[in-house]
Amino acid sequence: MKTTALNESASPHTLAADPARQAFLLLRTVFTVAPILFGLDKFTNLLTEWTGYLAPLVPATLHLPAQTVMYAVGVIEIIAGILVALRPRIGSLVVAAWLLGIIVNLIVLGAFYDVALRDFGLVVGALALNRLATAAAPHQPGGTTVSH
């Protein structure tokens, strides 16, 4: 059984020869950058008008304006992205749970089922990142070890 460490100290040659490490780095990068960018956009609405994706039940239940809810969503997404960068094993589960919440919100909204389906695919990707990160050696908090 061959064990390969998936940490940043590996040489480029090791990275090229290790598909599991490549997958880990790709998934960790995407699940770090995307939540941070989407979270920041909740404050600017440059990509879209985010409140249109929010089921009216949510702000009504929280007794807050929809945009205020989206500000909170943005903060949570930024934190989730940072958590994936620093602790991918935990952060990946936070992102997966968050995406499931988004899916439930869209189903309650009764619209954007295509986005809900896309987000389901992202949940699977976040869980794949968790599986790669879970193989981490105890002495490598940010790194990952994959056994072949």
Side-chain angles (χ1 to χ4, degrees), residues 3-10 15 18-148:
T3 301
T4 306
L6 296 181
N7 58 38
E8 283 71 26
S9 64
L15 176 60
D18 191 347
R21 183 172 191 285
Q22 293 170 3
F24 171 78
L25 292 174
L26 285 169
L27 289 169
R28 187 173 75 175
T29 300
V30 166
F31 285 111
T32 295
V33 173
I36 292 171
L37 291 178
F38 285 124
L40 289 171
D41 196 57
K42 299 303 188 289
F43 295 90
T44 63
N45 291 306
L46 293 175
L47 296 174
T48 189
E49 180 59 44
W50 291 105
T51 57
Y53 292 91
L54 186 61
L57 176 69
V58 176
T61 301
L62 298 174
H63 305 291
L64 293 171
Q67 188 57 55
T68 302
V69 172
M70 296 316 298
Y71 292 149
V73 165
V75 169
I76 292 167
E77 288 174 341
I78 292 166
I79 291 169
I82 293 168
L83 189 57
V84 169
L86 300 177
R87 298 284 184 197
R89 185 175 13 181
I90 297 166
S92 60
L93 293 177
V94 170
V95 168
W98 188 250
L99 287 164
L100 286 173
I102 291 170
I103 292 167
V104 169
N105 170 74
L106 294 173
I107 290 170
V108 169
L109 180 62
F112 305 111
Y113 296 119
D114 56 333
V115 177
L117 182 59
R118 180 215 52 205
D119 285 354
F120 178 75
L122 291 172
V123 168
V124 173
L127 293 175
L129 173 59
N130 176 263
R131 297 312 307 145
L132 290 168
T134 298
H139 62 280
Q140 296 176 333
T144 298
T145 302
V146 175
S147 298
H148 298 284

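- Applying the ring-ring contact (aromatic ring centres under 6.0 Å, His included) definition to pairs two or more places apart or across chains, those involving residues 57-100 are Phe43-Tyr71.
- Residue Ile107 holds its CD1 atom at 12.0 Å from CD1 of Ile102, rounded to the nearest 0.5 Å.
- Using a 4.5 Å cut-off on side-chain heavy atoms (C-beta onward), Gln22 and Leu25 make no contact.
- The heavy-atom pair separating Ala55 from Val108 by the smallest distance is CB-CG1, 3.9 Å.
- Checked by atom type and distance alone, the side chain of Asp119 never pairs as donor or acceptor with a backbone atom of Leu99 at under 3.5 Å.
- The side-chain heavy atoms of Leu109 and Leu54, taken from C-beta on, include no pair separated by under 4.5 Å.
- Here CG of Leu27 is found 6.5 Å from CG of Leu132. Values are rounded to the nearest 0.5 Å.
- Listed by first then second residue, pairs satisfying side-chain hydrogen bond (donor to acceptor under 3.5 Å, both in side chains) with a partner in residues 38-48 read Asp41-Thr44, Asp41-Trp50, Lys42-Glu77, Asn45-Gln67, not counting sequence neighbours.
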Solution key, residues 120-130 side-chain donor-acceptor pairs under 3.5 Å, sequence neighbours excluded:
{"from": "Asn130", "atom 1": "OD1", "to": "Thr134", "atom 2": "OG1", "distance (Å)": "3.3"}
{"from": "Asn130", "atom 1": "ND2", "to": "Arg89", "atom 2": "O", "distance (Å)": "2.8"}
{"from": "Asn130", "atom 1": "ND2", "to": "Ser92", "atom 2": "OG", "distance (Å)": "3.3"}

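- Pairing each heavy atom of Tyr53 with each of Val115, the nearest pair is CE2-CG2, 4.3 Å.
- Contact between Leu57 and Thr61 at its shortest, heavy atoms only, is O-OG1, 2.6 Å.
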| request: Quick one: do Phe38 and Leu47 satisfy side chain to side chain contact (heavy atoms under 4.5 Å, CB included)? Show the steps, please. | output: CA-CA 8 Å; Phe38 285 124; Leu47 296 174; 3.8 Å; yes
| task | Using the side chain to side chain contact (heavy atoms under 4.5 Å, CB included) rule, take Val69 and Leu62 through it: C-alpha gap first, then chi angles, then the decisive distance, then the call. | result | CA-CA 8 Å; Val69 172; Leu62 298 174; 4.0 Å; yes
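- Residues Phe24 and Pro88 come closest through the heavy atom pair CZ-CG, 3.8 Å.
- Closest approach of Ala80 to Val94, counting heavy atoms only: CB-CG1, 4.1 Å.
- Pairing each heavy atom of Thr32 with each of Ala85, the nearest pair is OG1-N, 3.4 Å.
- Arg118 CZ to Ile103 CD1: the interatomic distance, rounded to the nearest 0.5 Å, is 9.5 Å.
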